[in-house]
Undergrad: 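Next up is a structure, given as structure tokens.
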Amino acid sequence: MSDSTATRANVYDVRPKTEVPAESPLAWSYHTSGRPSVSQKSRVVLRERAMAGHMILRGGAIVLDEAVRGVLGFGLPARPNTLSLSDDGARSIQWLSPDEWLVIVPGGEEFTLERQLREALGDAHYAIVNVSGGQTLLELEGDKARELLMKSTPYDVHPDAFPVGKGVTTVFAKANLILRRPTETRWELVLRRSFADYCYRWLLDAGAEYAIGVEK
Amino acid sequence: MFHIYCPYCEELREEEEFHPKGEAHIVRPKDPEACTDEEWGDYLFFRDNPRGIHHELWVHAVGCRKFFNVTRNTVTYEILETYKIGERPTVTAEHLAGGDKQGNVQVASGGQQTVGASGAAVASVKGERA
């Protein structure tokens with residue numbers, strides 16, 4: 001094929017140049033369900049990392065790994081259901097399926113990253129989709145965070161079964177989401193926009209007994 | 001609830017993450033135009049409903065979203081193995097009817113059908129019963 005994937009893809013910056021008020025998928029939920037403040041009694045703290053850059057990479061592991069290493073400085077996770085992080089922890093790549101990875105970078109970087117990756121990948125057979133608008137990322141911290149998860153998901157979140165660096169797509173309440181554990185104390189939930197309100201309200205309800213607080 | 005081993009995720013997951021998608025290993029006729037109506041109808045609509053060993057297509061719907069195959073005993077609901085698309089099953093009705101019982105599976109001698117088993121294997125089982 002003479003037409004490379006890169007030239008046929010419609011790549012454009014979806015972020016407006018001018019200042020337009022942007023809202024996270026949870027804006028409505030904050031408005032209607034409120035944000036319990038973090039207090040001394042809070043044993044679980046919820047924090048949204050809104051407006052991050054989310055991208056789905058699809059293609060062969062070897063080709064993608066090489067390109068990602070060149071651009072981001074770290075490679076794809078080697079095993080199923082694992083996560084690889086940059087040294088500062090701000091960027092991550094997660095295994096979603098044998099030919100699919102989720103890249104999360106600080107908001108605003110995704111457009112440059114996509115262009116760089118397309119350049120690095122050239123004519124390889126791959127797909128990059130910017131899904132930043134479709135999902136959001138929540139962080140759970142606190143000594144009762146694991147108990148909260150145990151009430152919400154059938155997946156085993158015991159440290160033996162869910163070590164640091166693991167990430168899975170699984171059932172959460174009656175929705176599904178991506179659950180991951182980048183550090184010893186922090187859990188991350190990647191929610192679909194359409195499930196965000198439901199999951200947020202579920203978390204507030206399930207976390208009520210641990211005096212869950214939502215950081216701004 | 002079952003724990004089902006996903007060959008792509010390489011771990012056991014809850015049953016509610018999966019969906020069954022019917023019989024596996026259905027080969028599309030190479031030249032549909034040359035098929036009789038009966039052959040094409042068989043391919044499109046008719047499925048085996050064996051009592052005993054059944055090879056099925058399942059999808060890890062919440063998870064890696066990949067299709068894979070499951071060998072299941074329709075009597076005991078026991079899942080005997082899961083394997084990737086493109087691979088062949090190691091546990092088959094024929095293999096079990098030949099006397100190799102695996103995982104306490106009751107096979108043909110228990111009055112079950114041996115779909116996929118060769119005539120010789122079925123005869124040997126029936127002979128045992130008579």
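In what follows, every chain begins at residue 1, and chains take the letters A, B, ... in the order their sequences are listed.
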Undergrad: Find the distance between CZ (R65(B)) and OG (S97(A)) and round it off to the nearest 0.5 Å.
TA: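 R65(B) CZ to S97(A) OG: 6.0 Å, rounded to 0.5 Å.
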
Undergrad: Could you walk me through whether K166(A) and E11(B) pass salt bridge (Lys or Arg N to Asp or Glu O under 4.0 Å), step by step?
TA: CA-CA 13 Å; K166(A) 191 165 183 175; E11(B) 62 181 18; 2.9 Å; yes

Undergrad: Taking all atoms of both residues into account, what is the closest heavy-atom pair of P98(A) and C64(B), and its distance?
TA: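 For P98(A) and C64(B), the tightest heavy-atom pair comes out as CD-CB, 4.4 Å.
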
Undergrad: Would the number of heavy atoms belonging to other residues, nucleotides or ligands and lying under 6.0 Å from CD of E23(A) be above 12?
TA: no

Undergrad: Rounded to the nearest 0.5 Å, what separation is found between the CG atom of D99(A) and the OH atom of Y8(B)?
TA: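 It is 9.5 Å, given to the nearest 0.5 Å.
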
Undergrad: Does R13(B) pair with D156(A) as a salt bridge, N-O distance under 4.0 Å?
TA: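 Between D156(A) and R13(B) there is no salt bridge, as every charged N stays at least 4.0 Å from the carboxylate O atoms.
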
Undergrad: NE2 of H3(B): more than 12 outside heavy atoms within 6.0 angstrom?
TA: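 Buried by this count: over 12 neighbours within 6.0 Å.
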
Undergrad: With E17(B) as reference, evaluate T169(A), T170(A), V168(A) under the side-chain contact (heavy atoms from CB on, under 4.5 Å) test and give the passing residue.
TA: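 So, applying the side-chain contact (heavy atoms from CB on, under 4.5 Å) to E17(B) and each of T169(A), T170(A), V168(A), only T170(A) qualifies.
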
Undergrad: More than 12 heavy atoms of other residues, nucleotides or ligands under 6.0 Å from CH2 of W28(A): is that the case?
TA: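 It does not: W28(A) CH2 has 12 such atoms or fewer within range.
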
Undergrad: A quick test of your reading: do over 12 heavy atoms of other residues, nucleotides or ligands sit less than 6.0 Å from CZ of R192(A)?
TA: no

Undergrad: For atom CD of E66(A), decide whether the heavy atoms of other residues, nucleotides or ligands shown that lie under 6.0 angstrom number more than 12.
TA: no

